[in-house]
Amino acid sequence: MKHDRRGWVVPVVVAMFAMAIGLVLGSGPLRTALIGSLGAQVDSLEEEVAAAELEADRANVTNDYGDDWVAGTAPQLLGSTLAGGNVAFISVDDADADAVSAAQGYVREAGGSVVASVTIESLWTDPNQSAFRAALAPQLAPSISGLDGTESVDELFAQALAQSLLPPVSGGDEGELEVPPDAAAQDHAQVLWTLLTDADLVSGTRDGLANAVVMVAGETPAGEDETSLQATANITLASVVTQFDVAVVAANGPDVDGDLVSDVLADTDGLAQRISTVSWIQTSFSQVTVALALREQFDGWVGHYGPGEDSAAAPPPIGE
C-alpha cells in the first residue's frame with residue numbers, strides 16, 4: 001500500500017515555521033521591543049490608577065472634613081434664623097431620605113419646626129393609573145376650595161395637597177382661593193389630608209399648617225412617559241404652592257436636564273422669580289443652604305444655589 005506523504009509534510013512544515021517564529025519572538029530583539037512597549041503601557045496605566053486612587057482618597061478626606069466643618073459651624077451659621085418658621089417638606093420622585101432628614105435637622109437647628117414630612121406616592125403619576133386618578137378627581141373636588149372647574153387632575157391634586165398643608169390665602173379678589181372660616185381652617189386641612197392619604201396619593205406626617213415649603217426631588221425616572229408625567233406634576237405642584245403666602249424652596253441632587261430645579265429655572269411662567277432652588281442636596285453644604293434659602297424667602301428674596309452655571313455658591317449673609 002502506498003502512503004501519500006503530502007498529508008504530513010505540510011503540518012510538519014507549519015510546525016517548524018511556528019517554532020522558528022517562537023524562537024525569534026522568544027529570544028530576539030523583536031520580543032524585547034514588544035514586551036518593552038507593553039510593559040511601558042502597563043507601568044503608565046498603573047501610575048494613572050494609583051494617582052486616581054490617591055485623588056479619590058483625598059476627595060473623601062476633604063468631603064469628610066467639609067461635613068464635619070458644616071456640622072460644627074451650623075449653629076453659628078444658622079443661629080435662630082428660622083424662629084417661627086413652620087416648614088412642610090414634600091418629597092417627590094424617590095427623594096433621598098437621608099438628605100431630606102439632614103435638611104430637616106438643619107431647619108430645626110435654625111429654630112424652625114418641621115410640621116409636615118410628606119411623600120408623593122407613585123399613584124400620583126403612575127401612567128397605568130390614569131383612569132383611577134380621573135375617577136378620583138371629582139370625588140376630591142367638593143372638598144377643595146377655590147376651584148373653577150377648569151383644573152387638570154394634576155392641578156386638582158396639587159390644590160388638595162397645598163390646602164392640606166398651608167394656611168388659606170387671605171383676601172377675596174377674583175382668582176384667589178376662597179377662604180374657609182379661620183376656626184375651620186385646621187379641620188378643612190385635615191379633611192383633605194385624610195382624603196389624600198386614604199387614596200394612597202401621599203404618605204407621611206402632618207402636625208399643623210406650614211408657612212414654608214421645601215420640595216425635594218430624587219432622580220428623574222428611566223421611563224420616558226413616567227418622566228414626563230412626573231415632571232409635569234412636580235412643576236404643577238410647585239406652581240400651586242406659590243399661590244399661597246409662604247416661603248418655597250425646591251431642591252434636588254446633581255443638576256440633570258429635566259430635574260425639578262432645572263424645570264423651575266426654565267419655567268416660562270416665572271417660577272424662578274418665586275421659588276428658590278438648591279442643587280446637590282446630598283451634601284451637607286446644600287442641606288444648610290436650604291435653611292438659609294428659606295430665611296431669604298421669608299425676607300422677600302429669591303436665590304438659586306449650587307455648583308451650576310445659573311446658581312450662586314451660597315446665600316448672602318442674613319440681613320444683607
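Predicted, not measured: the structure shown is a model, and the values here were computed from it.
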If every non-hydrogen atom of A233 is compared with every non-hydrogen atom of T125, which pair is closest and at what distance? CB-CG2, 3.5 Å
When hydrophobic residues are tied together by side-chain contacts of less than 4.5 Å, even through go-betweens, does I120 share a cluster with V115? no
Any non-hydrogen side-chain atom of V216 less than 4.5 Å from a side-chain atom of V290? no
Tell me every residue that passes side chain to side chain donor-acceptor pair (under 3.5 Å) with S203, counting only those two or more places apart in sequence or in another chain. E121
What residues, two or more places apart in sequence or in another chain, satisfy side-chain contact (heavy atoms from CB on, under 4.5 Å) together with D98? D96
Could you tell me which non-hydrogen atom of A291 sits nearest to which non-hydrogen atom of Y106, and how far apart they are? CB-O, 4.1 Å
Among all residues two or more places apart in sequence or in another chain, which pass the side-chain contact (heavy atoms from CB on, under 4.5 Å) test with S276? V249, A293, Q297, V302
Report yes if some heavy atom in the side chain of S262 is under 4.5 Å from a heavy atom in the side chain of V256; otherwise report no. no
Once rounded to the nearest 0.5 Å, what's the spacing between atom CG of N234 and atom CG of L229? 10.5 Å
Under the criterion side-chain contact (heavy atoms from CB on, under 4.5 Å), which of L78, L82, L77 is the partner of L292? L78
Using only atom types and a distance under 3.5 Å, with no angle test, would you say the side chain of E151 pairs donor to acceptor with the backbone of G149? yes
Correct closest heavy-atom pair for F298 and A247 would be CE2-CB, 4.0 Å
For T81, does its backbone N or O pair with a side-chain atom of R295 as donor and acceptor, under 3.5 Å? yes
Rounded distance [0.5 Å steps], OG1 in T232 versus CD in E155: 11.0 Å
Quick one: are L192 and I144 in side-chain contact, heavy atoms under 4.5 Å? yes
Those residues that, when tested against T205, pass side chain to side chain donor-acceptor pair (under 3.5 Å) (two or more places apart): none
Looking only at non-hydrogen atoms, find the nearest pair between V240 and A162 and report the distance. CG1-CB, 4.0 Å
Is S279 close to P307 at the side-chain level, that is, under 4.5 Å between some pair of heavy atoms? yes
L201 side chain near L136 side chain, heavy-atom distance below 4.5 Å: yes
Report yes if some heavy atom in the side chain of R274 is under 4.5 Å from a heavy atom in the side chain of S239; otherwise report no. yes
Listed partners of R133 passing side chain to side chain donor-acceptor pair (under 3.5 Å), at least two apart: none
Rounded to the nearest 0.5 Å, the CG atom of L123 sits from the CD atom of Q129 at a distance of 5.5 Å
CG/L166 to CZ/F244 distance, rounded to the nearest 0.5 angstrom? 5.5 Å
D148: side chain to side chain donor-acceptor pair (under 3.5 Å) partners, not counting sequence neighbours: T150
Side chain to side chain contact (heavy atoms under 4.5 Å, CB included) between I275 and D267, worked out: CA-CA 11 Å; I275 297 177; D267 182 70; over 6 Å; no
What one should report as the nearest heavy-atom pair of P254 and Q282 is CD-OE1, 3.8 Å
Are the side chain of S286 and the backbone N or O of W280 linked by a donor-acceptor pair below 3.5 Å? yes
Between N86 (side chain) and N211 (backbone), is there a donor-acceptor pair under 3.5 Å? no
How would you list all residue pairs meeting ring pair (Phe, Tyr, Trp, His ring centres under 6.0 Å) that involve residues 118-154, not counting sequence neighbours? W124-F157
If you look at every heavy atom in V213 and L294, which pair is closest and at what distance? O-CD2, 4.3 Å
In terms of heavy-atom contacts, does CG of D207 have more than 12 from other residues, nucleotides or ligands at under 6.0 Å? yes
For residues D93 and L260, determine if any side-chain heavy atom of one lies less than 4.5 Å from a side-chain heavy atom of the other. no
Is a donor on one side and an acceptor on the other found under 3.5 Å between the side chain of Q163 and the backbone of S145? yes
OG1 of T277 to CG of D263, rounded to nearest 0.5 Å, is 11.5 Å
Yes or no on side chain to side chain contact (heavy atoms under 4.5 Å, CB included) for V264 and I235, after CA distance, side-chain angles and deciding distance? CA-CA 7 Å; V264 167; I235 282 296; 4.1 Å; yes
With Q104, which residues qualify under side-chain contact (heavy atoms from CB on, under 4.5 Å), at least two apart? F89, V100, R108, V114, S117
Separation between CG of L161 and CG of L237, rounded to the nearest 0.5 Å: 5.5 Å
If we only count heavy atoms from C-beta on, is the L140 to L196 side-chain gap below 4.5 Å? yes
Verify same cluster id: L209, L165 (apolar side-chain graph, 4.5 Å): no
Could I get the full list of side-chain contact (heavy atoms from CB on, under 4.5 Å) partners for E53, not counting sequence neighbours? V49
